[in-house]
There are 2 protein chains.
Amino acid sequence: MPVTLRDVAVAAGVSPATASRALSAPDVVAPETREAVLRAAQALGYRPNRAARALSTGRSGHLCLVVPDLGNPFFAAVAKAVQSRARAAGYAVMIADSEEDPRLEADLVAQLGAQADGVLLCSPRMSAAALAAVAAGPTPVLLVNREGADLPSVVIDDRDGIRQTLRHLHALGHRRVAHVGGPDGSWSDARRREGLADTSPAGLEVVELGPHAPVFSGGVAAADLALAAGATAVVAHNDLVALGVLDRLRARGVRVPEDVSVVGFDDGPVATLVTPPLTTVAAPLALLGRTAVDLLLDPPDVTPHVVLPVELVVRGSSAQAPADAAAPTAPGT
Amino acid sequence: MPVTLRDVAVAAGVSPATASRALSAPDVVAPETREAVLRAAQALGYRPNRAARALSTGRSGHLCLVVPDLGNPFFAAVAKAVQSRARAAGYAVMIADSEEDPRLEADLVAQLGAQADGVLLCSPRMSAAALAAVAAGPTPVLLVNREGADLPSVVIDDRDGIRQTLRHLHALGHRRVAHVGGPDGSWSDARRREGLADTSPAGLEVVELGPHAPVFSGGVAAADLALAAGATAVVAHNDLVALGVLDRLRARGVRVPEDVSVVGFDDGPVATLVTPPLTTVAAPLALLGRTAVDLLLDPPDVTPHVVLPVELVVRGSSAQAPADAAAPTAPGT
DNA sequence: ATGAAAGCGCTAACAA
DNA sequence: TTGTTAGCGCTTTCAT
């Protein structure tokens, strides 16, 4: 009983074909005809049947977004931006949460991807082989915040984030910092480690910790290790981890930033939820989502590998290294 | 070039109709036939075309979830549960973020709802009229965390959450508490206020504050008001607001919980991200999402109005009222 | 510029 | 139990 295009056509006194054209290719139809059709459609409250259109055109008008964890503010922010941009472009977004399971992610892409015109895949940990399989599928796939299998991708500049962080800490007199690594196999974690190795200022020693889960509890666990390692600053895999570090340090009576500095990553909504507010690398999450949608919807001629710039936001959780630790070789001064 | 049901039928030596039945109504077809079809489908890598099925059956296999803000951990948690349950039931979830705009919500339901078999609507602030319009649409709608327009609904027990909170604070000796109200027109906020009026223990005075935005900054603003009102405890609209209160109190040198107690609502992931961890009313977010999906997919005979129980989780942000404030009428003791 | 007709892939009567 | 047939609502050649 819903009103079909045929009904509109009859009401407007034209053929279904003309009605169709009037709605989807307005400039190929006579102005008055178009008017009549539009008016009829309006009057009858016509709503095109997307399934029928999809069947006919082969395009569903759906985009599919696969994320490891919707509860993670990083992905929630990306999802929000993706959804918003996609809707502006006339697409609906199907969302799939893989619960951090890379195998499930591959399934989801296959299943949901078949019903969509494109897939945005956030899969920090999917194996290269699985990625290649995904790339071989019929639906265009764009990687968000990782690269691989020669698929188009949009990532943030992890390496530069680390560089900025290390320079900041070095400038503050820190000489021994702990890096709380992300989960095993994480693509961005690997980029960060490269940055750690390449960009560390002379005289700055980096202690590698991890792998750790990219959540609060991971940070809690890492804090003790960082302390034991004698670090005066902790660089966390993301903001959630940084909050865990903060919490554990406080519980142990270590003051932040007086005794130890803590730096997060992402500058998600949680970064300013705590005291002291987090010094963190701001990743343009909304831009990440928007760019991903744009690139997926009209791909440039050459496979894009976009790297988005990041910026260190200095807040209250980082400060000058404590005097007695600035020269760790002479702790007794 | 994708393989169609017809291809499978040919390969299996049966008619398309039989192939269709073998796949979707396995028990109405001869075992051997079914075997043959299944084998052929497997061999060819057949994937049913959902759009074609949707067109033919009138069911899309999609559910639509409309939320005001995906970035809000409350809705992210619900979305996650919804997505998971829906997938288990063979449905894909289209998600829409209304950016806290009730008008947009109505549009989204109309647009996306038409392409879905059902809509889960989280709309704390949509007007009754808009709700009625939504209810009149062709697609089944279920309300999440609000009631109205005689639509099926699943809500949490706001009233009881408030009751438990007030009893808790009263037992701790608080005699004057501030309630940080949610945004104007919020359905659950109205329920909370009812609870405030009905269930307040004798001798407990409640100061109503608000409306406030249901986010961190709302709490920051409210904290000053609560202090000015002479409250020894603050009951926040949700955890995010509570964190804002916490932060502002700390900034003003007020100790939590020694000087002032703070209680949140929802027990979302952020509740334990801070020190002291938040005393808060635990809402069963995952259960909320799951129940909503179940009720939408097979509705009981009578329109369901499910109320989910809540439980006060006492953590570090609430404690005994300060001695000199326990008897506010005699501040000089 | 418009209409007629075919077909997208699948399902569901209705027959056999 | 299986095959035949028609059709879901829309788009898109191909004519006119």
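Chain A is the first sequence line, chain B the second, and so forth, proteins listed ahead of strands; every chain is numbered from 1. Note that these values count all heavy atoms, side chains included, but never hydrogens, waters or copies made by symmetry.
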From [atom1] of [X] over to [atom2] of [N], roughly how many Å is that when rounded to an integer?
X	N	atom1	atom2	result
A:R50	C:dC8	CZ	C1'	17 Å
B:L23	D:dT1	CG	C1'	16 Å
A:R6	C:dA5	CZ	P	12 Å
A:N49	C:dC10	CG	P	17 Å

For this session: Just jot down the salt bridge (Lys or Arg N to Asp or Glu O under 4.0 Å) partners of B:D158, sequence neighbours excluded, or say none.
Result: B:R192
Problem set entry | With sequence neighbours excluded, residues passing salt bridge (Lys or Arg N to Asp or Glu O under 4.0 Å) with A:R85 | A:D294
Anything under 3.5 Å between a donor and an acceptor, one on a side chain of residues 101-117 of chain A, the other on a protein residue two or more places apart or in another chain? List them.
unit_1: A:D101; atom_1: OD1; unit_2: A:R103; atom_2: N; d: 2.9
unit_1: A:D101; atom_1: OD1; unit_2: A:L104; atom_2: N; d: 3.4
unit_1: A:E105; atom_1: OE1; unit_2: A:S123; atom_2: OG; d: 2.2
unit_1: A:E105; atom_1: OE2; unit_2: A:S98; atom_2: OG; d: 2.7
unit_1: A:D117; atom_1: OD1; unit_2: A:S60; atom_2: N; d: 2.8
unit_1: A:D117; atom_1: OD1; unit_2: A:S60; atom_2: OG; d: 3.1
unit_1: A:D117; atom_1: OD2; unit_2: A:S60; atom_2: N; d: 3.3
unit_1: A:D117; atom_1: OD2; unit_2: A:G61; atom_2: N; d: 2.8

Using atom names, set out every protein N or O paired with an N or O of nucleotides 11-13 of chain C below 3.5 Å, distance rounded to 0.1 Å.
unit_1: C:dT11; atom_1: OP1; unit_2: B:R53; atom_2: NE; d: 2.7
unit_1: C:dT11; atom_1: OP1; unit_2: B:R53; atom_2: NH2; d: 3.4
unit_1: C:dT11; atom_1: OP2; unit_2: B:S20; atom_2: OG; d: 2.8
unit_1: C:dT11; atom_1: O4'; unit_2: B:S56; atom_2: OG; d: 2.6

For this session: With sequence neighbours excluded, give me every side-chain hydrogen bond (donor to acceptor under 3.5 Å, both in side chains) pair touching residues 8-19 of chain A.
Result: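 side-chain hydrogen bond (donor to acceptor under 3.5 Å, both in side chains) check on residues 8-19 of chain A returns A:S15-A:T18.
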Problem set entry | Identified side chain to side chain contact (heavy atoms under 4.5 Å, CB included) partner of A:L65 from the options A:I95, A:L121, A:L70 | A:I95
Problem set entry | Qualifying salt bridge (Lys or Arg N to Asp or Glu O under 4.0 Å) pairs, either residue in residues 58-81 of chain A, two or more places apart | A:D69-B:K80, A:K80-B:D69, A:K80-B:D97
For this session: Take B:L55 and A:G13, find for each the nucleotide of DNA chain C with the closest heavy atom, and name the residue whose nucleotide sits nearer the 5' end.
Result: A:G13
In a table with atom names and distances, give each donor-acceptor pair under 3.5 Å that connects a side chain of residues 23-46 of chain B to protein atoms at least two apart or in another chain.
unit_1: B:S24; atom_1: OG; unit_2: B:S20; atom_2: O; d: 2.8
unit_1: B:R34; atom_1: NE; unit_2: B:P26; atom_2: O; d: 3.0

Exercise. Can you name the side-chain hydrogen bond (donor to acceptor under 3.5 Å, both in side chains) partners of A:D266, sequence neighbours left out?
Worked result: none
Exercise. Partners of B:N49 by side-chain hydrogen bond (donor to acceptor under 3.5 Å, both in side chains), sequence neighbours excluded?
Worked result: none
Exercise. Side chains of B:P2 and B:R47: does their closest heavy-atom pair fall under 4.5 Å?
Worked result: no
For this session: Strictly below 4.0 Å, heavy-atom distances to any atom of DNA chain D: list the hits from residues 26-44 of chain A, or just say none.
Result: none
Problem set entry | Contact list for residues 73-128 of chain A, test ring pair (Phe, Tyr, Trp, His ring centres under 6.0 Å), sequence neighbours left out | none
Seminar exercise, completed: Students should find that the end-to-end axis angle of the helix from C:dA1-D:dT16 to C:dA16-D:dT1, with five pairs defining each axis and rounding to 10 degrees, is 30°
